[in-house]
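Here's the structure we're looking at; comments come further down.
Residue numbering restarts at 1 for every chain, and letters A, B, ... go by the order of the sequence lines.
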Amino acid sequence: MTENSNEKLDEMASSYDSRATEDAIYKLWEDSGFFNPDNLTGEPFSMMLPPPNVTGTLHIGHAYEETLQDIVIRFQRMQGKKVLWLPGTDHAPIATESKVVKLLEKEGKRKTDFTREDFLARVNKFAQESHDTIVNQVKKLGASLDWSREAYTFDEKRNFAVRTAFKTMYDLGLIYRGDRVINWDPKGQTTISDDEIVHEERKAKMYTFKYSADFPISISSTRPETKVGDVAVAVHPADDRYKQFVGKEYDAIFCEVPIHIKIIADESVEKDFGTGALGVTPAHSMIDYEIAQRHNLPLKTVINEFAKMTVEGLLKDKKTTDAREIVVEWLRSQNLLEKEEEVVQNVSTSERTGAVIEPLPKLQWFIDVNKDFAFPHSELAGIKQGDAISLKKLMRQVVESGAIKFSQENYQKVYFNWINNLRDWCISRQIWFGHRIPVWYKDSEIYCGIEAPTGEGWTQDSDTLDTWYSSGLWTTSTLGWPEQTKDFKTYHPTSLVMPGYEILFPWVARMILMTTSLTGQIPFKEVLLHGIVRDNKGRKFSKSLGNGVDPLEIIEQYGADALRIALIFSTAPGNDVIFDEQKVKGMKHFANKIWNIARFVLANTDTALMNTTSSRKPEGLTEADKEVLAKLDEVVIATTAHIEASRFHEAAQALYQFAWYEFADKYIEASKEQLLDANQKENTQKILLYNLDVTLRLLHPFMPFVTEELWKNLKKEKLLLISEWPK
RNA sequence: GGGCGAUUAGCUCAGUUGGUUAGAGCGUCUCGUUUACACCGAGAAGGCCAAAGGUUCGAAUCCUUUAUCGCCCACCA
C-alpha cells in the first residue's frame, strides 16, 4: 500500500457512523436547492406525499411509505427529470378534534367549556406541534421533499380551493342538502360517512314477538326499543303465509306508544330469515329507510342525537340500551315474547370514537354519485365537454379507458367493486375543526358562494366538511388550483400516487371523483398501493397492543439507510410488511459493508485516477476484471428494470448480492493480488473506482445518506443526489 | 352474504411474461483473524413450493376442486 492509502485508512473511520453523518447530509441536500424542481431541468415528474394527519407522531408505516416514494423520486431525479415531490399534512378534523377532546378530558375539561374560537385555538396549537414533529421525522428518514411548496389541508390556499370546489359542485347539482337517514355518532355528536364506520362482531339477543295480542304477524329484532318507531311490516311478495295480510293496516299500543302498522310486500325481505316478516323502522335503519322510500311510508323519529328515546310513556328519555330492557320486560309481562336467541351480529361503530352508530334522519349535505351532470371541461379521451355523466360513471371511465393505470390489477378489481356499491357521500360534519361549509342562510333563503353574501342577517352553516373533501383536492390544491398557476400547468396531472391500500377508497377514489369532475383532468396517471407494516407476530401496530415502534429510535440506533432498505428489502409492494428489528440490524451491517468497500477502494487508488473512471474496459483484463465488469453491467440493467417495474425489493436484493458477494468478496479479494502486479495495477484501480462509482449511484435511492457521504470522497462536481443514473 | 388475496428452508419473505441443480435476510453448525470491514471471511445443514387432479416437451408459476388462514365491503331484520 502507498503512503497515501494509509492516510485514507486513518482518515475514514473503520465503521460507518450514521449518527455523525445523516443530519449534515440532509442539510447539504436542502441547501443545494435540488429538492426544488425550479432548480432542475428536464421532463416533469410529480408526486404528492399523502399528507399525514396532524394527530401526533409518525409510526413505522409512514417510514415505509416515505421510503418507497423517496426511492422512486430519487431514481427519477437521477434520470434527469424535473422532479417535484410535494410535502404536506392533513388537518384530519374528526381524528384531530377527538384527540384534543381526549387531552382536555385529562385536564378535567370538556369541549363545551370552551367557545368555538377558544377550542379551535387549542386544536390549532396541537396541530402545529404535531406538524413540527412530523416534519422532523420525515427529514430524519431522508425524504427528498420540496419543503418550499409545503402545504396543509387547512391553510388559506387550501381553504380557498375547498370553497371554490364546493361552489362549483353545488352549481353543477352534484352537492345537495337533504333530509335523509345518516350515520350518527352519538359520542362524537356528528354524522360520519360510510367509510368511517367499522363493523364489529358482537353477541346480541334476537327477540321474536308481536306488537300486540291481536296483531297477525310475528317479527324479530335485536333492537326491540326501536319498534315504537315502526310504521310497517314488510313481507316477501311471494310469501304465501302472509299474502292475505298485505295492504291491511293495524293499530296497536306498543309499550305504551300508539303505533300504526301497514303490511307491505317488498322484494328485499328474505322469506327464510326469522319469521320472514320485517318490522320497518324508517327513521332508525338504513335498509328500512330505503324500503320506506319505495312505499311512501312516513318517518317516525323515536331516538335523538344522544341515543335517548323521545317517545312518551315508559320509555321516555331512556337510553336505547336501557329502553331495550324495558321493552323486553314489557313484552314478557304482556305475554307477547315468543322467542329469545343468542346471535352474533355486526354492529356499526365509529372508527374514531368507538360509539355504536345510531341511524337518524337529519338534514345534511351530500354528494350525489348517481346523478348525470353536464361535464364542464374535459381533457380526457372519450368524454367531451357538456356530456352528461354521473360521478360513478366518470370514476369508472377514467380507469377503464386506461387514463389512470393501477399497477396492481387486483386493486383495480377492488376499485370497481367499490364503485358499484357506492352510495351518496355525506360530507357535512357537526364538529368545529374543519372547513366551514360555504353556505349562508337568511330566513328561507340559501346562498352558496366562495365568499360570504353581502347584506345583513346572513348566518353561515355551522357544519364543517368531511376530511376527505379537502384531501380529495390534494393534487390540485397543492399546485395552486383553482388558479391556473405555472405549477398546475407543469405538474398536473401528477405522475404517480403511492398510498397504502387502506386509503384506496377514502382517498384515491375521492381524488379521482373530485379532481376529474372539477378540472376535467385525472389527478394522477398511475396508482401504486403498498401494504401496511405489521409487527413480527403479524399484528397491526396499535396503541392498545403497545407494540408501537418509534422510527426515530430505530434511526438513532441503526441509521436511516438501514431502516429504509430493511423495510423494502423482502416484500413486494402491495403486500404487508413484517417489521423485525433483526432485519434492520442486518442492513446496518450492509451499510457498514458499503462503507468499508469504499474505504478499501479509496485507500488503494490514486486520486489522479478519480476522473478517468469512466474509461471502461481497458486492454489486458484479468478473468476477475472481466467477471466483475460483466456482473456490474448485469446489476445496472436489473436494478433499472426492477425500479421501473416497481419491484423495489428485487432491485435492493440484486444490489445487495452484487455489492457484497461480487464486488467485495470476489473482486476486492482478487484485487489484493492484482494491485501488487505492476502490469495489472492501473486497470485494477480503475475498475475498483468505476465499480464504486456505479454502485454508489445505484444504491443511492435506497440508502441515500451513506452513499452521498462516500460520494464526497470521489471528488465529483455534482452531488450524488443529482448525478446521472448509470446506463 | 359479496369481493380480493395468501399457503415456498427453524423464523420473515422473494421468485418478472411457465424453461436447466427453487433464492435471500435472520437463526443454526464447522473452520478461519499480521490482511477494508468480526457490523468480517470460507464452508455446511435445512424445502415431495398446503393437498388432489388437469393443461404442457416442461408447472412453485396456468386451470379445476379441496383444506386452512387473512384482508376489504355489507345493518339477515
For A:T222, report the nucleic acid contact type (base, sugar-phosphate, nothing); a contact means any heavy atom under 4.0 Å. sugar-phosphate
Is A:Y411 touching bases, backbone alone, or none of the nucleic acid, heavy atoms closer than 4.0 Å? nothing
Can you list every stem that RNA chain B is part of, counting only runs of 3 or more consecutive Watson-Crick or G-U wobble pairs with both distances under 3.5 Å? B:1-7 with B:67-73, B:10-13 with B:23-26, B:28-32 with B:40-44, B:50-54 with B:62-66
For the CH2 atom of A:W711 and the CG atom of A:L699, what is their distance to the nearest 0.5 Å? 12.0 Å
Which of these nucleotides, B:A77, B:A14, B:C71, is closest to any side-chain atom of A:E650? B:A14
With heavy atoms under 4.0 Å as the rule, sort A:K672 into base, sugar-phosphate or nothing. base
Tell me which donor-acceptor pairs under 3.5 Å the side chains of residues 267-280 of chain A have, and how far apart each pair is, sequence neighbours excluded?
from	atom 1	to	atom 2	distance (Å)
A:S268	OG	A:D266	OD1	2.7
A:T275	OG1	A:S218	O	2.7
A:T275	OG1	A:A277	N	3.3

Regarding A:R202, tell me which of base, sugar-phosphate or nothing describes its non-hydrogen contacts under 4.0 Å with the strands shown. nothing
Any donor-acceptor pair, under 3.5 Å, between the side chain of A:N346 and the base of B:A74, if you only look at N and O atoms? yes
State whether the distance check finds a donor on one side and an acceptor on the other, under 3.5 Å, for side chain A:E669 versus base B:A36. yes
Does the distance from a Lys or Arg side-chain N to an Asp or Glu carboxylate O, for A:D580 and A:K583, drop under 4.0 Å? no
Classify A:F590 by what it touches in the nucleic acid, base, sugar-phosphate, or nothing, heavy-atom distance under 4.0 Å. nothing
A:R352/A:D185 ion pair, N-O < 4.0 Å: no
Does the side chain of A:S193 come under 3.5 Å of the side chain of A:E196 through a donor N or O and an acceptor N or O? yes
Have a look at A:L278 and say if it touches a base, only the backbone sugar-phosphate, or nothing, with a 4.0 Å heavy-atom cut-off. base
How about A:Y250 and A:F215: are their ring centres within less than 6.0 Å of each other? yes
I'd like to know if A:K413 reaches the base of B:C4 with its side chain, counting only an N/O donor and acceptor under 3.5 Å. no
Closest nucleotide among B:U35, B:C39, B:C75 to the A:S15 side chain: B:C39
Quick one: label A:D272 by what it contacts on the DNA or RNA (base, sugar-phosphate, nothing), any heavy atom closer than 4.0 Å. nothing
In whole angstroms, how far is the P atom of B:G15 from the CZ atom of A:R647? 9 Å
